[in-house]
Each structure stands twice: as structure tokens, then as C-alpha cells.
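Before any comments, here is the structure.
The chains referred to below are lettered A, B, ... by the order of the sequence lines, with proteins before strands, and numbering in each begins at 1.
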Protein chains: 2
Amino acid sequence: MSLIPIRPGSPFGTQPERSDAARNRERLLQAARDLVAEHGVDAVTMDMLACRADVGKGTVFRRFGSRAGLMMTLLSDAEAEFQREFIFGPPPLGPGAPPLERLIAFGEARIKYVEEYGELARAAAEHSPQNRHDAPPVVLWHRHIEMLLREAGLDRDPWLLALSLGATLDPERMLHSLRAHGVAPERLAASWRELVTRLLKDC
Amino acid sequence: MSLIPIRPGSPFGTQPERSDAARNRERLLQAARDLVAEHGVDAVTMDMLACRADVGKGTVFRRFGSRAGLMMTLLSDAEAEFQREFIFGPPPLGPGAPPLERLIAFGEARIKYVEEYGELARAAAEHSPQNRHDAPPVVLWHRHIEMLLREAGLDRDPWLLALSLGATLDPERMLHSLRAHGVAPERLAASWRELVTRLLKDC
DNA sequence: ATTCTAAACGGACTGCGGTCCGCTTAATAT
DNA sequence: ATATTAAGCGGACCGCAGTCCGTTTAGAAT
């Protein structure tokens, strides 16, 4: 169950979804997961998905809106889990630790996330700057970072600074470092630690 | 004349370009500039360009390779000018000033660049992570930042740190802040100054 | 001037994401 | 059971980036 996007079917004023629609949604999600597992994220096309799920193409787009929307849906469980961890989970990622340590842990968690779901995350952000920067989860990360910066005493435009730090953790960028340049995850994490440590020194 | 990409026609071992090819290139570049001026970068399609330049579509792609390639070509003069300034120009952007000041000036220059050419820069990076992160100009900026970090005494993996700082100055990101969120350029510059100042404090 | 050839050309073609709109059907009211 | 209706459905269709390949032509060699 996702925290930020309200899944269709969740009755939040809206009526529940029709039975055939529900069945098709399950079929589509299953087919999508299978295709991704078989061919990799980038090779999956919307026609292919429609065909595999034995459903019209219009149905696919009615459900997910776009390719990016499909990928976001596929990510939503992992995303919700990640959100839960840094909002409610145990320190140092969750509340209870000093802000610098939480920030370091946040970056490390993000790196692990990208190692596991990077391709999906990249595909979910493709072809829409709007979606890329203002999708609810992204906004939430930024607010989280901003809050930690404030807690650490950084009062000079923490929002923009949070955006900069967010840019460092951008899935596409990190994925590119990891895959194309063969940078080890630990090295990324060390660099992140160095960055935020220097940034928060004596505030 | 661009510093990094060797323009077709520059005889670097290769023979000069055929006269009809040269004529078509000029026609295409002129048409492209006109179309961008008339309709905006995002509305210009490759078919439109071929039609306007009275040239086959194949010719357009033979010339520029892709839409991104076209945009890079349109940018190349401005890009070369920018490179000249931070490599050979007067301080604080060019050599002669202390590294922190050069870094600050670099960010400010980048922001001005994005204000003026942001849409082109965004279009030049679209649809190709490879191109986006490893295009020669991008690599050059990163090396420049890395060098300044080293000069300032930052010896802990300056290459990755330079990548992070580069992410902050990414055209798409800055453009999004400027346009979608109405952030003033001065505010972006101030945030950049704050970021690098803190980062280089007592090294 | 003629021949030769590699470069350049053009436009039909493909594959993809995304839209449109007439048809079907699940759920509800009677 | 029957009628009603709005949500859901499907696949033809569109626009775009990018490819392919048969044809043309500039420029060199003779």
C-alpha cells in the first residue's frame, strides 16, 4: 500500500473500481513485471505489454496514463517502503539520530535503492521534467532533506540547498556512475558522506 | 569555431566537405535557427526542419545524427565562447583568481548560460544518458571543477565531488527551478555561492 | 570531354508513445 | 427480468525520431 499516490480502488470519496477493471489491472501488472524480468525495463514497450496482458492498448494507457506512469506504479511498493523507513523507521535513517547522521544514512539508502530499482526509476522519470522534479515522492525527499538541513542549523535557503543535494542523489546520475563508469557503490556513499559532512560542519 | 567538437569541414586528416553538402549545412542551420526563433525549441521537429530547408529527411540525420546532435550544433558557438571564458578569460572566471572565487564565478556564468540557452541545452541532452553525461563539453566542465577542487585542497575523491557539483548546475534542473518555480537567478547564484563556500571552508 | 566512384541525397518505411471514438458491459435502479 | 448509463474497452490512427536503400552528383582521374 503506497503512502503518496492513492491507488485506484482506494475509496477516497471515489467509488470502487469495476470488477473487470480490477482484473485487467492485475493482469497488466503481472505481465509488466514478467516482461521487465524477461527483457529488462528499457526493452518493454506498451504494445508488448498490451499484447501480453491480452488487453487493448487504450486500456493500458487508461490505467497508467503513460509509460512513466506504468514504471511509477511498478515502483510504488518499493517507494512506499523507502518512505516508511526514513519517516518512521529506526535511526539513523529514521527519527532519533542527529541530522547529519540521518542525512548520511539517507544517501546510503538512496544508493542501495538505485542499485536495485535504478532502471525502473530512470524510466519513471523519462520524458517529463514536470514528473521528474515534482512527482510526489521527489517532493517528499526534498522536504525531508530540507528539514534535516534546518535541524542542523543551516538557515540559508535550505530549500534550494536540498534541491542541490537531491540532484546528487538523482537516480539517472547515480546509475550512470555505477554502470557506465564502474564506480563502486561504497565510493558513491563515501563521497556523499564527505559532501554532507563538510556542508554541515559548524552550523 | 568550437573547441571540442571538430566541425565537419575542418580538415583534420579528413578531406574537405563537398560543396553541395556545405550549402545544405548552411541552409539547415539557418532554417533551424529561424524555426527555433519562430516556434521555440520544443516545437521544432526534424520533418519541419527538412521541409523548411528544402532538403530530404535523410540529409538532416546524416548531418546531425539526431535531434540532440542538431541542438548541440546550434549551441556550439555559445558553448565554445563559454569554454574560452573559463579557460583563458579574465579572472575571476578565468585563471588568476583563487579557486573558491573561480568556482563561484563558474556557477554564476553557468546560470546566465542556462537563462539564455537553457531550452537548447535541455533539448541537446534529451533521450540519451550517454550524451547527457559524457558529451565532451560536460566532461570538460567536470574536469574544470575537479581541478578547482584540487587547487583548493580538497583531495578526497574530487572527481565524484565535481560530479555532484555538476549535478547542481545541470541545465534541466536549473531551468526547472527558474521557470516552473519562479526562482530568481540571483537566488540560484546565492545558493551556489553558499554551497561551494561551505564546501571549501578550511581545507 | 568522358568515365568513374564515393559521398551525398531523398523520401518511403519502421517502431514507438500516445490519442480518439464508437462499441461493450458491469453495476444499479425499477 | 429489464432498462439505463457511465465506466471501461479496443484497436485504428497520429506524429515523431530515426533507418534504409535505390538514385543522383560532385569532383578526381584519364
Side-chain angles (χ1 to χ4, degrees), chain A residues 8-9 11 13-29 31-32 35 39-74 122-132, chain B residues 8-9 11 13-29 31-32 35-36 39-73 122-132:
Chain A
T14 67
Q15 42 202 346
E17 108 190 296
R18 250 166 60 168
S19 63
D20 53 344
R23 192 201 51 206
N24 278 339
R25 200 188 56 230
E26 285 317 309
R27 284 233 297 265
L28 280 166
L29 285 176
L35 285 172
H39 309 293
V41 173
D42 295 345
V44 175
T45 72
M46 301 302 266
D47 293 85
M48 210 189 275
L49 174 57
C51 178
R52 172 70 78 102
D54 210 35
V55 142
K57 196 178 182 179
T59 304
V60 181
F61 280 90
R62 152 174 295 266
R63 199 60 62 195
F64 303 111
S66 67
R67 201 184 126 94
L70 165 67
M71 301 309 179
M72 294 219 284
T73 305
L74 291 181
R122 175 161 28 88
E126 242 161 17
H127 306 308
S128 98
Q130 172 64 24
N131 202 334
R132 184 184 190 103
Chain B
T14 68
Q15 42 201 342
E17 114 191 288
R18 249 167 61 170
S19 63
D20 54 343
R23 192 202 51 207
N24 277 339
R25 201 189 55 230
E26 285 318 308
R27 284 234 297 266
L28 280 166
L29 285 175
L35 285 172
V36 165
H39 309 293
V41 173
D42 294 346
V44 175
T45 73
M46 300 303 265
D47 293 85
M48 209 188 276
L49 173 58
C51 177
R52 177 69 150 260
D54 209 35
V55 141
K57 197 178 181 179
T59 302
V60 180
F61 279 90
R62 150 175 295 265
R63 199 61 63 196
F64 304 110
S66 67
R67 201 184 126 94
L70 166 67
M71 300 309 178
M72 294 216 287
T73 304
R122 185 180 355 105
E126 241 162 18
H127 307 309
S128 98
Q130 172 64 22
N131 203 333
R132 185 185 189 101

Q: Might you work through the side chain to side chain contact (heavy atoms under 4.5 Å, CB included) test for Arg63(B) and Thr73(B), ending with a clear yes or no?
A: CA-CA 10 Å; Arg63(B) 199 61 63 196; Thr73(B) 304; over 6 Å; no
Q) Hey, are the side chains of Met71(B) and Glu126(B) touching, using non-hydrogen atoms and a 4.5 Å cut-off? A) no
Q) Side chains of His127(A) and Arg67(A): does their closest heavy-atom pair fall under 4.5 Å? A) no
Q. Reading nucleotides 19-29 of chain C from the 5' end, what letters show protein touch, with B for base, S for backbone sugar-phosphate only, - for no heavy atom under 4.0 Å?
A. B-----BSS--
Q. Can you list the residues that meet the side-chain hydrogen bond (donor to acceptor under 3.5 Å, both in side chains) rule with Arg52(B), with sequence neighbours excluded?
A.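 Once residues adjacent in sequence are excluded, the partners of Arg52(B) under the side-chain hydrogen bond (donor to acceptor under 3.5 Å, both in side chains) criterion are Glu38(B).
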Just how far is it from atom [atom1] of [X] to atom [atom2] of [Y], taken to the nearest 0.5 Å?
{"X": "Glu26(A)", "Y": "Leu29(A)", "atom1": "CD", "atom2": "CG", "value": "5.5 Å"}
{"X": "Leu49(B)", "Y": "Phe61(B)", "atom1": "CG", "atom2": "CZ", "value": "9.0 Å"}
{"X": "Arg23(B)", "Y": "Glu17(B)", "atom1": "CZ", "atom2": "CD", "value": "11.0 Å"}

Could you list the protein-to-nucleotides 2-4 of chain C atom pairs, N/O on both sides, closer than 3.5 Å?
none

Q. Considering all heavy atoms of both residues, which atom of Ala124(B) and which atom of Met72(B) are nearest to each other, and what is their separation?
A. CB-CG, 3.7 Å
Q) Which heavy atom in Leu28(B) sits nearest to a heavy atom in Ala53(B), and how many Å separate them? A) CD2-CB, 3.6 Å
If you look only at distance, which donor and acceptor atoms sit under 3.5 Å apart when one is on a side chain in residues 39-46 of chain B and the other is two or more places apart or in another chain?
from, atom 1, to, atom 2, distance (Å)
Thr45(B), OG1, Met48(B), N, 3.1

Q: Kindly say if Asn24(B) contacts the phosphate of dC9(C), meaning a side-chain N or O under 4.0 Å from OP1 or OP2.
A: yes
Q) Looking at Asn24(B), Val55(B), Leu70(B), Asp47(B), which hits side chain to side chain contact (heavy atoms under 4.5 Å, CB included) with Val60(B)? A) Val55(B)
Q) Between which nucleotides of DNA chain D, read 5' to 3', does contact with chain A run, using atoms under 4.0 Å from its heavy atoms? A)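 With heavy atoms of chain A under 4.0 Å away, the range is dA7(D) to dG11(D).
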**Q.** Sorted by number, the residues of residues 42-55 of chain A with heavy-atom contact under 4.0 Å to DNA chain D
**A.** Val55(A)
Q. NA contact type, Arg67(A), heavy-atom cut-off 4.0 Å: base, sugar-phosphate, or nothing?
A.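 The answer is sugar-phosphate, as Arg67(A) gets under 4.0 Å only of primed atoms, P, OP1 or OP2.
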